Amino acid sequence: MIRTHTCGELRAGDVGSEVVVCGWVDSVRDHGGVLFVDVRDHTGVTQTVAHPDEQPEGFAAAEAVRGEWVVAVRGRVRMRPEGTQNPDLPTGAVEVPIDAVEVLSVAEPLPIPLDERTETDEILRLRHRPLDLRKERLQRNLRTRARVSAAVRAALEAEGFVEVETPTLIRSTPEGARDYLVPSRQTPGSVYALPQSPQLFKQLLMVGGIDRYYQIARCWRDEDLRADRQPEFTQLDLEASFAEPEDVYAWIEAAMRAAFEAAGRSGELPETIPRLTWHDAMDLYGSDKPDLRAGPPIVDLAGVFAGTAFKAFAATLDAGGTVRGWRFRGGGDLTRNRLDGLIERAQHLGAKGLVWMVVEADASLRAPVAKFLSDAELAGIGAALDAEPGDLLLLAADTAQTASAVLGQLRLDLDRPAGHAPVEAGGAGVSPLWVVDFPLFEDDGAGGLTPLHHPFTSPHRDDVHLLDTDPAAVRSHAYDFVINGVEMGSGSVRIHDAAVQARMFEILGMEEAEVRSRFGFLLDAFRHGVPPHAGFAVGWDRLLMILCDERSIREVIAFPKTQTGADPLTGAPAAVGDDVLADVGLQMTPEARAVAAAEAGTEAGDSGA
RNA sequence: GGUCCUGUAGAACAGUCUGGAGUGUUCGCCGCCCUGUCAAGGCGGAGGUCGCGGGUUCAAAUCCCGUCAGGACCGCCA
């Protein structure tokens with residue numbers, strides 16, 4: 001053992017002990033006659049000190065060390081002199097006189113600062129990720145992540161869930177997102193795909209009698225990235241036989257509580273997690289992942305404007321549309337410029353227009369359109385939106401869907417709390433909910449239907465009869481868990497009835513040959529005794545992002561990628577030689593070759609590196 | 001595929017709107033001084049292809065066009 005103690009553990013009780021502490025030189029404070037070297041590791045900082053007359057050898061050696069050198073310091077722990085103890089440091093009562101210091105490794109000046117006050121450009125942080133990882137923020141996040149994973153594993157094991165690994169070189173099933181492809185050397189011309197999720201395999205595990213499966217699984221989707229989307233990401237995936245939605249809700253809620261507790265945020269989830277139907281979520285918040293923290297729900301005002309003389313509203317209502325409104329508490333002091341900006345924003349979002357009203361001190365409504373509205377209508381608006389003086393009211397007349405979508409987005413623009421910090425830390429806390437009863441299908445934009453979730457999602461038991469008459473109206477047994485407007489995970493009851501599954505494929509317009517080719521192995525397995533089963537998958541990076549109060553999942557991933565899917569640390573993705581390609585039966589097109597050459601030229605000439 | 005923001009010394013920025021010598025601030029780095037600091041302090045110093053290319057101009061970090069990189073968002077993400 002090179003060290004006897006970590007840098008964060010020495011206390012007054014250790015005085016007199018001969019110790020060796022190891023770590024990085026956090027700071028050197030040279031007073032000429034007395035020299036302090038703070039040694040840091042992931043547990044904290046210990047002050048070591050040398051006087052030229054008391055520790056002549058240690059002083060001489062310590063004078064040479066610089067920031068971020070890796071050192072081992074040996075000495076006998078002593079109390080700091082009266083009046084020089086540092087109550088802000090856990091180790092601040094003691095210090096280690098430098099009897100000897102061994103330089104384990106020197107360090108050049110760092111390309112990025114490690115102090116927590118400077119917000120370094122993210123490309124530099126990623127390029128120098130090993131250094132960035134030394135900082136407390138990522139140390140804290142990654143350790144939280146490990147604790148949360150362990151706690152959730154324990155919680156699921158306690159419920160009888162069994163961790164099973166599934167393959168990551170799989171058959172491409174061209175549904176949903178684009179697959180990442182891995183060419184095969186042994187079968188040139190054929191490719192594996194990296195799984196977008198373990199979906200099919202976990203269903204096969206149910207056929208295999210595993211009964212309750214879970215896995216913290218890596219998934220890959222070749223789509224454009226966002227703050228909460230990486231090309232490779234992690235899911236807590238689970239599936240259970242003989243289970244209903246209520247069972248899944250209970251397991252996931254238990255896992256979430258375990259996760260919050262492990263992150264030091266127990267008690268922040270409400271006793272009862274609210275549930276909203278998908279339909280209500282779309283009406284009330286214009287979103288299937290509402291952030292319940294951002295102001296009140298949207299209110300339908302069709303009743304207020306029945307028979308209105310205001311032509312713009314009347315025309316919309318006559319055409320089968322509606323008028324909806326949202327109240328922004330205290331928004332009445334927005335400048336005219338801001339208000340005009342809101343109208344522009346609404347139009348950009350697809351609204352024909354936007355009506356704003358400011359609630360005056362006497363509760364009257366000040367608005368450009370007020371003169372077109374009756375007193376009863378104005379009073380009705382104020383009552384329906386629970387308006388108070390100083391509020392801003394926003395009204396949109398459109399189809400129900402568009403009106404809610406536009407007001408829902410403005411609601412987020414204007415009133416969504418930033419971040420996910422606990423209430424006691426001054427944040428807006430967390431507000432989870434279940435969104436249930438998603439539609440089974442959505443319009444594919446070409447006159448057909450496409451699964452909203454995936455083609456193995458069970459129709460709602462009350463809507464099966466609609467499959468033949470009105471499939472677009474069929475609800476599913478699919479459900480999402482949402483926290484703070486972030487889709488935290490989704491799941492469903494799966495189809496285990498061969499006839500229903502066949503009908504699904506039929507409605508989706510999939511030929512039998514195509515079905516057999518893509519999913520034959522699953523359907524075959526289902527022919528030999530498949531239990532009813534249901535499952536769920538939690539976006540693990542997103543959950544950790546919220547638990548760690550981060551704005552991007554990159555802050556809870558050790559080695560994340562940029563928005564273009566690149567890793568600035570290793571330079572991935574990178575070209576490979578023609579011989580390597582030939583090995584797997586591939587050849588670069590002239591176009592690809594030109595791009596690769598341009599890239600190489602850019603790297604050499606552009607000082608961006 | 002699209003919209004928007006950003007790019008100036010090792011780092012964080014100001015300077016760009018309204019063109020006039022690479023001007024400046026903080027941190028870091030190097031040297032000297034300093035015996036109780038803990039974001040130590042004082043003095044001095046080094047360090048720049050203003051992302052890259054082109055254009056306008058007597059003159060471009062600054063204006064225009066293109067491009068690259070990073071970020072936010074829309075599309076996309078069963």
Side-chain angles (χ1 to χ4, degrees), chain A residues 26-38 40 45-54 59 66-68 80-89 91-92 95 108-128 131 173-179 196-197 199-200 219-231 233 345 348-350 409 412-413 438 440-442 444-445 449-457 476 478 487 490 492 504 508 518 537 539 551-552 554 561-564 566 568 598-599 601-609:
Chain A
D26 199 57
S27 79
V28 178
R29 295 181 295 282
D30 185 351
H31 290 243
V34 60
L35 175 67
F36 299 98
V37 177
D38 285 350
R40 181 198 73 238
V45 172
T46 292
Q47 174 169 291
T48 70
V49 58
H51 288 77
D53 41 352
E54 294 170 29
F59 184 86
R66 293 292 180 268
E68 298 305 311
R80 297 190 188 184
E82 198 64 37
T84 67
Q85 301 186 354
N86 186 345
D88 298 330
L89 277 180
T91 61
E95 62 188 4
E108 295 171 16
L110 300 193
I112 59 171
L114 296 194
D115 75 79
E116 304 285 336
R117 299 179 299 278
T118 309
E119 282 253 340
T120 308
D121 190 61
E122 199 171 352
I123 185 70
L124 289 175
R125 293 180 55 207
L126 293 181
R127 192 170 293 145
H128 304 289
L131 294 179
T173 55
E175 286 283 329
R178 272 184 291 271
D179 284 327
Q196 298 176 24
S197 79
Q199 180 63 35
L200 297 174
C219 307
W220 292 264
R221 291 176 193 177
D222 187 5
E223 296 294 344
D224 290 343
L225 306 177
R226 293 282 192 283
D228 61 355
R229 282 167 20 192
Q230 283 271 299
F233 61 99
R345 172 82 169 137
H348 187 74
L349 291 166
Q409 187 57 53
L412 294 178
D413 290 350
F438 274 67
L440 190 58
F441 303 106
E442 63 181 339
D444 69 357
L449 294 173
T450 183
L452 194 69
H453 192 52
H454 58 57
F456 314 106
T457 303
S476 70
E487 183 191 323
S490 63
S492 64
M504 274 293 285
L508 294 171
R518 285 188 192 179
R551 312 296 172 87
S552 159
R554 293 187 298 273
K561 293 183 173 58
T562 66
Q563 204 166 68
T564 53
E599 289 282 320
T602 303
E603 273 167 40
D606 187 347
S607 67

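Treat the numbers as computed from the prediction; the structure is a model and nothing was measured. Residue numbers start from 1 in every chain, and the chains themselves are labelled A, B, ... in the order their sequence lines are given, proteins ahead of strands.
Heavy-atom contacts from other residues, nucleotides or ligands closer than 6.0 Å to CD of E108(A) number 12 or fewer. Enclosure of atom NE2 in H31(A) by more than 12 non-hydrogen atoms of other residues, nucleotides or ligands within 6.0 angstrom is indicated.
Among the atoms of the strands shown, only primed sugar atoms or phosphate atoms (P, OP1, OP2) are found under 4.0 Å from some heavy atom of S27(A). Across all strands shown, E122(A) has heavy atoms under 4.0 Å from sugar-phosphate atoms exclusively, and none from any base. Here E116(A) lies out of heavy-atom contact (under 4.0 Å) with every strand. No engagement by R40(A) is indicated, since no non-hydrogen atom pair under 4.0 Å with the nucleic acid exists. If you check every strand for non-hydrogen atoms under 4.0 Å, E108(A) touches nothing.
Both R551(A) and R229(A) lie near RNA chain B, and the one whose nearest nucleotide falls closer to the 5' end is R551(A). Taking the nucleotide of RNA chain B with the nearest heavy atom to each of H348(A) and R117(A), the more 5' of the two is matched to H348(A).
Rounded to whole Å, atom P of rU37(B) lies 13 Å from atom CG of D38(A). When rounded to the nearest whole Å, the span between CZ of R345(A) and P of rU3(B) equals 16 Å. Atom CG of L131(A) is separated from atom P of rG28(B) by 17 Å (rounded to the nearest Å). Look at CZ on R127(A): it is 9 Å from P on rG70(B), rounded to the nearest Å. Summarising the geometry, the separation between CG on D26(A) and P on rG28(B) is reported as 12 Å, rounded to the nearest angstrom. Between the CG atom of L89(A) and the P atom of rA40(B) there is a distance of 12 Å, rounded to whole Å. Residue L35(A) contributes atom CG, which lies 12 Å from atom C1' of rA40(B) at whole-angstrom precision. One interatomic measurement links the two molecules: CD of Q199(A) to P of rC77(B), which rounds to 17 Å at whole-angstrom precision.
Residues satisfying the side-chain contact (heavy atoms from CB on, under 4.5 Å) test with P81(A), not counting sequence neighbours, are T84(A), E95(A). Residues meeting the salt bridge (charged side-chain N to carboxylate O under 4.0 Å, His left out) test with R229(A), sequence neighbours left out: none. Residues satisfying the side-chain contact (heavy atoms from CB on, under 4.5 Å) criterion with P568(A), sequence neighbours excluded, are I123(A), L126(A), R127(A), T562(A). By the ring pair (Phe, Tyr, Trp, His ring centres under 6.0 Å) test, H454(A) is found to be paired with F456(A), residues two or more places apart in sequence or in another chain being considered.
Across all strands shown, rA61(B) forms no Watson-Crick or G-U wobble pair with both key distances under 3.5 Å. rC77(B) makes up no base pair with any nucleotide shown, lacking Watson-Crick or G-U wobble contacts both under 3.5 Å. Of the nucleotides present, none pairs with rG47(B) by Watson-Crick or G-U wobble criteria with both distances under 3.5 Å. Figure legend. rU3(B) is base-paired to rA72(B); pairs are counted as Watson-Crick or G-U wobble with both atom distances under 3.5 Å. Checking rA11(B) for Watson-Crick or G-U wobble geometry (two distances, each under 3.5 Å) identifies rU26(B) as its partner.
Listed nucleotides rU37(B), rG71(B), rC77(B) differ in distance to E223(A); the shortest reach to its side chain belongs to rC77(B). The side chain of R226(A) sits closest to rC73(B) out of rC73(B), rC38(B), rG70(B). Out of rC38(B), rC76(B), rG36(B), the shortest distance to the side chain of R29(A) is found at rC38(B). Closest to the T564(A) side chain, of the nucleotides rA40(B), rG70(B), rA72(B), is rG70(B).
If you take atom P in rG22(B) and the same atom in rA9(B), they sit 16 Å apart, rounded to whole Å.
No donor-acceptor distance shorter than 3.5 angstrom exists from the side chain of T118(A) to the backbone of T120(A), with no hydrogens or angles considered. Judged by distance alone, with hydrogens and angles left aside, the side-chain atoms of R29(A) form no donor-acceptor pair with the main-chain N or O of F36(A) at under 3.5 Å.
Using a 4.5 Å heavy-atom cutoff, the side chains of L508(A) and F441(A) are in contact. Inter-residue side-chain proximity for R66(A) and P109(A) is flagged as unmet; no heavy-atom pair is nearer than 4.5 Å.
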If you restrict it to nitrogen or oxygen atoms, what contacts under 3.5 Å exist between nucleotides 29-35 of chain B and the protein, and what is each distance?
from    : atom 1 : to     : atom 2 : distance (Å)
rC30(B) : OP1    : R66(A) : NE     : 3.1
rC34(B) : N3     : D30(A) : O      : 3.2
rC34(B) : N3     : G32(A) : N      : 3.3

Every protein N/O lying under 3.5 Å from an N/O of nucleotides 8-11 of chain B:
from    : atom 1 : to      : atom 2 : distance (Å)
rG10(B) : O2'    : P111(A) : O      : 2.8

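At a cut-off of 3.5 angstrom, the base of rC38(B) holds at least one donor-acceptor pair with the side chain of N86(A). Judged by distance alone with a 3.5 Å cut-off, a donor-acceptor contact links the side chain of R80(A) to the base of rC38(B).
Note on Q47(A): every side-chain N or O is 4.0 Å or more away from OP1 and OP2 of rU37(B).
Smallest separation of non-hydrogen atoms from F233(A) and W220(A): CE2-N, 4.3 Å.
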